[in-house]
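Encoded as structure tokens, the structure appears first; notes follow it.
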Amino acid sequence: MTAIAVPDTDEWIDDLDPFALLDLALGRIAAMDVSDSIDRELASDVVRLRRRMDRTDAVFAEWTLAAHRRGAGAVDGYRSTKSWLGWKTGMHPGLVQRALDAAVVGELLPEVGAGWRGGTISSAAVATLAAARVPAHDEKFRALEPEFLDFARRGDHASLRRAATFFKHHAQADGVAPAEPDGLRLSKVLDDRAKITGEISGLAAETVATALDAFMDPPAEGDDRSDAQRRADALVRICEIALERGACGTRAAAHVTVIVDWTTITAGVFGRMDGQFTGPLPRTDVERLLCDCAITRVVTGPTSKPLDVGRTTRVWSPLQRAAISARDTHCRWPGCEIPAPWCEIHHHQEWQHGGETSAGNGHLLCSHHHHFLHRHPGWTTTFEDQTLRVFRPDGRELHPNPWLD
């Protein structure tokens with residue numbers, strides 16, 4: 001590929017915006033026709049591009065950590081850098097957290113951080129080290145930097161993973177640091193799919209494995225499901241039984257809530273067929289659920305506005321909560337997707353100032369944004385035709401589309 005001559009001095013770019021320069025370089029790279037290159041050149045350039053990406057990863061992580069420490073996003077009402085940056089860029093909060101963790105490693109291990117920013121150490125190597133860090137053991141972690149650095153520079157990622165794992169296991173087993181806490185994540189993937197990932201300790205893992213084994217269908221002739229598929233079916237069956245029986249008999253049994261537009265289920269007209277937590281569901285699943293379920297009807301008008309009980313009380317009734325939750329589905333603050341069951345209902349016009357306790361005057365806000373709106377004077381909202389708009393104290397709108405903000 002064609003090389004570009006660059007002057008020996010960088011004085012000629014001192015007055016240029018570095019982001020404009022980066023855009024220019026990326027534009028040139030994107031415009032290159034790889035079909036013109038021979039295989040050897042293409043292979044080399046793919047690696048070169050990846051190393052430049054590693055360098056930008058390092059800078060992005062460092063800047064994200066700085067923004068996090070300064071409370072970036074708080075001025076727009078966001079509870080964390082993760083939620084704010086997720087709204088602005090579409091990044092999953094988990095990816096933002098990984099960037100923050102990697103940036104901390106770059107500070108704890110300065111030579112590793114310098115190598116990452118310089119392109120001699122990969123983002124994957126830094127992520128491996130970030131996963132190995134154990135609270136209260138940073139001094140021991142720093143002491144091993146020469147070994148980590150050697151493996152990372154040589155690109156020996158297998159040895160780096162072994163060394164990082166060795167450190168983590170020993171740090172957790174020395175009686176000082178607590179073992180890694182159990183964790184379980186349920187994240188939406190595509191369409192009607194969700195992904196469950198997590199880690200649990202030995203005894204807890206044994207309990208889960210025993211329960212799955214007890215509820216798994218044994219292999220049978222004509223059943224071509226894999227072990228993983230039968231295990232997933234067992235997990236759903238366990239949850240169904242648990243919800244039916246309730247939690248230790250101390251409260252009423254919980255039930256799955258599905259919001260379905262009547263014309264969607266009866267006439268196939270496009271509309272909602274959503275679970276409260278997981279979003280759109282397959283029609284076949286909803287039809288199976290309707291065979292044996294309790295139905296709560298929420299009657300709405302032609303513009304989907306649920307009926308209300310006027311101004312007789314400040315407290316939202318269960319029916320109103322169900323209606324507003326069905327309409328809003330999640331916190332209405334731009335970019336916030338806290339699901340309806342975890343939200344509170346906000347009187348747009350305050351009740352003590354004449355606002356009705358009605359669906360037309362109420363909308364969902366998560367606890368954080370509900371408190372933010374009440375505690376930060378100058379922030380204003382409009383709520384017309386069921387659309388919430390949020391305005392900063394200077395009058396600028398907090399756009400639902402972050403690219404317009």
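The shown structure was predicted, so the numbers you read here are calculated from the model rather than taken from an experiment.
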Query raised in the report: Salt bridge check: are R392 and D76 linked by an N-O gap of less than 4.0 Å?
Result: yes
Report task. Kindly say whether Q349 contributes a backbone atom to a donor-acceptor pair with the side chain of H347 at under 3.5 angstrom? Result -> no
**Report entry** Donor-acceptor pair, side chain of E145 and main chain of V112, under 3.5 angstrom
**Finding:** yes
**Report entry** Heavy-atom side-chain contact between F391 and L398 under 4.5 Å
**Finding:** no
Query - The single option from R69, R142, R133 passing salt bridge (charged side-chain N to carboxylate O under 4.0 Å, His left out) against E107 - result: R69
Query - Flag side-chain contact, heavy atom, 4.5 Å: L160 against L129 - result: yes
**Report entry** Between CD on residue Q97 and OG on residue S80, distance to nearest 0.5 Å
**Finding:** 9.0 Å
**Report entry** Check: R50 and S123 side chains under 4.5 Å, non-hydrogen atoms
**Finding:** yes
Report summary line: d(H371 NE2, C366 SG) to nearest 0.5 Å is 10.5 Å
Query raised in the report: Could D57 and R98 be called an ion pair, given the rule that one side-chain N must be under 4.0 Å from one carboxylate O?
Result: no
Query - R237 (side chain) donor-acceptor with F215 (main chain) under 3.5 angstrom - result: yes
Query raised in the report: According to the interplanar angle, ranging from 0 to 90°, do the rings of H346 and H348 count as parallel (below 30°), tilted (30 to 60°) or perpendicular (above 60°)?
Result: perpendicular
Query raised in the report: Quick one: are I338 and H330 in side-chain contact, heavy atoms under 4.5 Å?
Result: no
Query - F383 and H363 aromatic ring geometry - parallel, tilted or perpendicular at 30°/60° bounds - result: tilted
Query raised in the report: Do S122 and H157 have side chains that get closer than 4.5 Å, going by heavy atoms?
Result: yes
Query raised in the report: When rounded to the nearest 0.5 angstrom, what distance separates CD1 in I238 from CG in L212?
Result: 5.0 Å
Query raised in the report: Centroid-to-centroid, W84 to W333, below 6.0 Å?
Result: no
Query raised in the report: Could you walk me through whether D233 and R230 pass the salt bridge (Lys or Arg N to Asp or Glu O under 4.0 Å) check?
Result: CA-CA 5 Å; D233 291 340; R230 290 187 296 113; over 6 Å; no
Report task. Taking the six-membered ring for Trp and the single ring otherwise, decide whether the centroids of H368 and Y78 are under 6.0 Å apart. Result -> no
**Report entry** Whether H137 and F167 hold their rings parallel, tilted or perpendicular, with breakpoints at 30° and 60°
**Finding:** perpendicular
Report task. Could you check whether the rings of F141 and F148 sit parallel, tilted or perpendicular, using 30° and 60° as the cut-offs? Result -> tilted
